[in-house]
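Reckoned from all heavy atoms, side chains included, excluding hydrogens, waters and symmetry mates. By convention in this document, chain letters (A, B, ...) are assigned in the order of the sequence lines, proteins followed by strands, and residues within each chain are numbered from 1.
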Amino acid sequence: MAQTLFDQSAETVARTLIGAELEVDGVGGVIVETEAYDVFDPASHSFVGPTARNAPMFGPPGRAYVYRIYGLHWCFNVVCDAGQPGSAVLVRALEPRTGLERMRERRGPLPPEGLCSGPGKLCEALGIDGSLNGRPLEAAPFALRLHVQPPALVQGVRIGISKGAETPWRFGLAGSRFLSRPFPAVAATA
DNA sequence: GTTCCGATGTACT
DNA sequence: GTACATCGGAACG
């Protein structure tokens, strides 16, 4: 069979996931912001080699890597592997489409823009926690549908990291109101 | 609008 | 003890 989406580099997967629809137990929406991490990247959890925490990043592609950050929040990643284990894509924001009431039960009575506009918020809204770590995205409770038409992307440096801060591996859906933070204005033409 | 800061678990020095 | 792929609230302009 043809190579799957996840048998590609983190950067490619991060680009391709923009515009895809992600649901967890029927609650979700359109992915509008992602970041790529790979094993050669000092910002990546996998940079130090396999450990107990990052084990899913070195496992089969197409699975979830969920970890706790700052002791309070969860972050959701999709493991990928283009022949070199240790890469993943952090899903940072999505545009809510289904299960808004359920999201508000978990997050509070927020407007749609506030429900999933950040990696920690998204996990809370979708009910993602450590129990989903390592689970395949092709099986319940996950559902992932790729976009038909590739959307227009914006690109920038990643957020909240100190090492590898120059690497422009953050991707967003152009013009989206559902981002965790705006992308810096881009020069008019390239 | 902005900046500052505390909460709190886990991995690592 | 320190550093985190964060968030929400307080204080300020």
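Summarising the geometry, the separation between NE2 on A:His45 and C1' on B:dT10 is reported as 11 Å, rounded to the nearest angstrom. The separation between A:Tyr70 atom OH and C:dA3 atom C1' is 8 Å, rounded to whole Å. Taking atom NE2 of A:His73 as the reference point, atom P of C:dG8 lies 7 Å away to the nearest angstrom. Residue A:Arg107 contributes atom CZ, which lies 8 Å from atom C1' of C:dC7 at whole-angstrom precision. Across the protein-nucleic acid pair, A:Asn77 atom CG and C:dT6 atom C1' stand 14 Å apart, rounded to whole Å. Rounded to whole angstrom, the span from the CZ atom of A:Phe47 across to the P atom of C:dA3 amounts to 18 Å. In this entry the distance linking NZ of A:Lys121 with P of C:dG9 reads 10 Å, nearest Å. As rounded to whole Å, 13 Å separates atom C1' of C:dA5 from atom CG of A:Asn54.
For A:Pro119, the side-chain atoms get nearest to C:dC7 when compared with the rest of C:dA5, B:dT8, C:dC7. For A:Ile69, whose side chain is taken as the heavy atoms from C-beta onward, the closest listed nucleotide among C:dC4, B:dA7, B:dC12 is C:dC4. The side chain of A:Thr51 approaches B:dC12 more closely than any other nucleotide in the set B:dC12, C:dA5, B:dT8. Side-chain proximity of A:Ser44 to C:dC7, B:dT8, C:dA5: nearest is C:dA5.
Other residues, nucleotides and ligands contribute over 12 non-hydrogen atoms within 6.0 Å of the CZ atom of A:Arg106.
Under a 3.5 Å cut-off, the side chain of A:Arg158 and the backbone N or O of A:Gly164 do form a donor-acceptor pair.
Between A:Tyr65 and A:Tyr37, the ring centre distance reaches or exceeds 6.0 Å.
The residue A:Ser180 sits apart from the nucleic acid: no heavy atom pair falls under 4.0 Å. Residue-level contact check: A:Arg68 touches the backbone only, with heavy atoms under 4.0 Å from sugar-phosphate atoms and none from bases. No engagement by A:Arg170 is indicated, since no non-hydrogen atom pair under 4.0 Å with the nucleic acid exists.
By the 5.5 Å and 30° criteria, A:Tyr37 is stacked with the base of C:dA5.
Along DNA chain C, the nucleotide nearest A:Gly114 and the nucleotide nearest A:Ile161 are compared for position; the residue whose nucleotide lies closer to the 5' end is A:Ile161.
The shortest distance between the side-chain N/O atoms of A:Arg92 and the OP1/OP2 oxygens of C:dT6 is below 4.0 Å. Side-chain nitrogen and oxygen atoms of A:Lys163 include none within less than 4.0 Å of the OP1 or OP2 phosphate oxygen of C:dA3.
Note on A:Glu95 versus A:Arg177: no salt bridge recorded, every NZ/NE/NH1/NH2 to OD/OE distance being 4.0 Å or above.
When Watson-Crick and G-U wobble pairs are counted only if both distances are under 3.5 Å, C:dG8 pairs with B:dC5.
At a threshold of 4.5 Å between non-hydrogen side-chain atoms, the residues A:Leu94 and A:Val30 do not count as touching.
One finds the OG atom of A:Ser180 at 8.0 Å from the NZ atom of A:Lys121 (value rounded to the nearest 0.5 Å).
Between the side chain of A:Tyr67 and the base of C:dA5, a donor-acceptor pair under 3.5 Å is found.
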